[in-house]
Amino acid sequence: MPKKTPAELKKSKPFYIFDLIVYAGVAAVVAVIFLAVFYFNGNTATAGFNFYVNNQLAAEYFFESDAFAVKSGFEENFSLSEEGVIYYANGNVTQYNIIIIDKASKTARVREANCVGHDCLSHTVSEKGGFIYCAPHNLKITPMVLTDPVTGQTVKERL
Amino acid sequence: MNGVKKILLTGLYSAFALISFMLENLFPPLFITGGRIGIANIFVLFAGITLGFRYGLYALTVKSVLGSIFCGNISAVLYSLPAGVIAYAAQTAIIFCFRRVSVIAASVTGGALNAVIQNAAFCVITATPEYFVYSPYLALIGALGGLIVGTAVYLSLKFLPAAYFDGSKPKKEQSD
């Protein structure tokens, strides 16, 4: 098939009938991704929130007891105050995220952070789902599933 | 068009792409995190169409690498550059190999492809599979961005004088 030249492109039309095939293909791919995401992202009951630092579980918050538990080795990364939970990246007080946990609505959000981009400020995590990810500070907050999908053990049994 | 002129124009388009990228980065994302129109891709695609595949690739590389460095997020190169290269290759392949497909349709494909691949690469590199939930929305925003970019490139090609493509000097209008 002879290739199109730039000079021919100048004379080309903004729309051809075969464009519909291209648009239909793009729409089909988007639809497949939608279905895949919602099929694999099933709703599970949650017991609180997990806080990950560098993809390691660093702290947990439990709805029932309103308790915030920091794992061993991450004590320098978290501090509780009246403002909320303050996370310090790499234990450095100059790199922080202030996380507000609302017990009534069972949600958590980052109220303030001095990271580059501030993407974490626009997300909220709740018992229904969602997540917060701060890439510059290596912080991730996700819902804590009630039942471990691997062991079948509930959060209450683990405590 | 000789090689020297192509190199000069590539530098010019690269600069425009870089400036557009940095300006767009000053604004908040569109609807969701990572949602961008991709105005810089106008210059990348335009360079690829008018100068040649590899010149557009040069402009894309400059935009991705230097843009990430200047915006303070060097690690973004890891997922933005591969996604950009694959999307750009797909776009130019559609434009030059299929005579009955428009530049705009090719750009829409490239935009959606870039968004999905970039998000997938981000999920793998940062080990955050949760972010894949945004893929379909980012694909739609990418397709919308591709529509805008493709329309801008198409209109630019239309208004460009024909002498630009064959390398000859434009004829001066003769006054009576």
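Computed from a predicted model, the values in this text were never measured in an experiment. In what follows, chains are A, B, ... by sequence order, proteins preceding strands, each numbered from 1.
Neither the backbone nor the side chain of A/His118 comes within less than 4.5 Å of any heavy atom in chain B. Heavy atoms closer than 4.5 Å to chain B are found in both the backbone and the side chain of A/Asp119. Both the backbone and the side chain of A/Val30 come within less than 4.5 Å of a heavy atom in chain B.
For residues 19-30 of chain A, every residue pair satisfying the side-chain hydrogen bond (donor to acceptor under 3.5 Å, both in side chains) rule, not counting sequence neighbours, is listed here: A/Asp19-B/Ser102.
Taking OH of A/Tyr133 as the start and OG1 of B/Thr126 as the end, the distance is 4.0 Å to the nearest 0.5 Å. To the nearest 0.5 Å, atoms OH (B/Tyr131) and NE2 (A/His123) are separated by 4.5 Å.
Closest of all the heavy-atom pairs between A/Lys10 and B/Lys158 is NZ-O, 2.7 Å. Taking both residues in full, the closest heavy atoms of B/Ile104 and A/Pro14 are given as CD1-O, 3.7 Å, listed atom of the first, atom of the second, then distance.
In this structure, B/Phe132 and A/Val37 have side chains that are in contact, with non-hydrogen atoms separated by less than 4.5 Å. The shortest distance between side-chain heavy atoms of B/Phe98 and A/Phe18 does not fall below 4.5 Å. Considering only heavy atoms from C-beta on, B/Val108 stays 4.5 Å or farther from A/Val22 through its side chain. Side-chain contact check for B/Leu140 versus A/Phe34: some heavy-atom pair is nearer than 4.5 Å.
A/Glu76 CD: 12 or fewer foreign heavy atoms inside a 6.0 Å radius.
Taking B/Ala112, B/Ser135, B/Ala139, B/Ala127 one by one and counting their heavy-atom pairs under 4.5 Å with chain A, the maximum is reached by B/Ala127.
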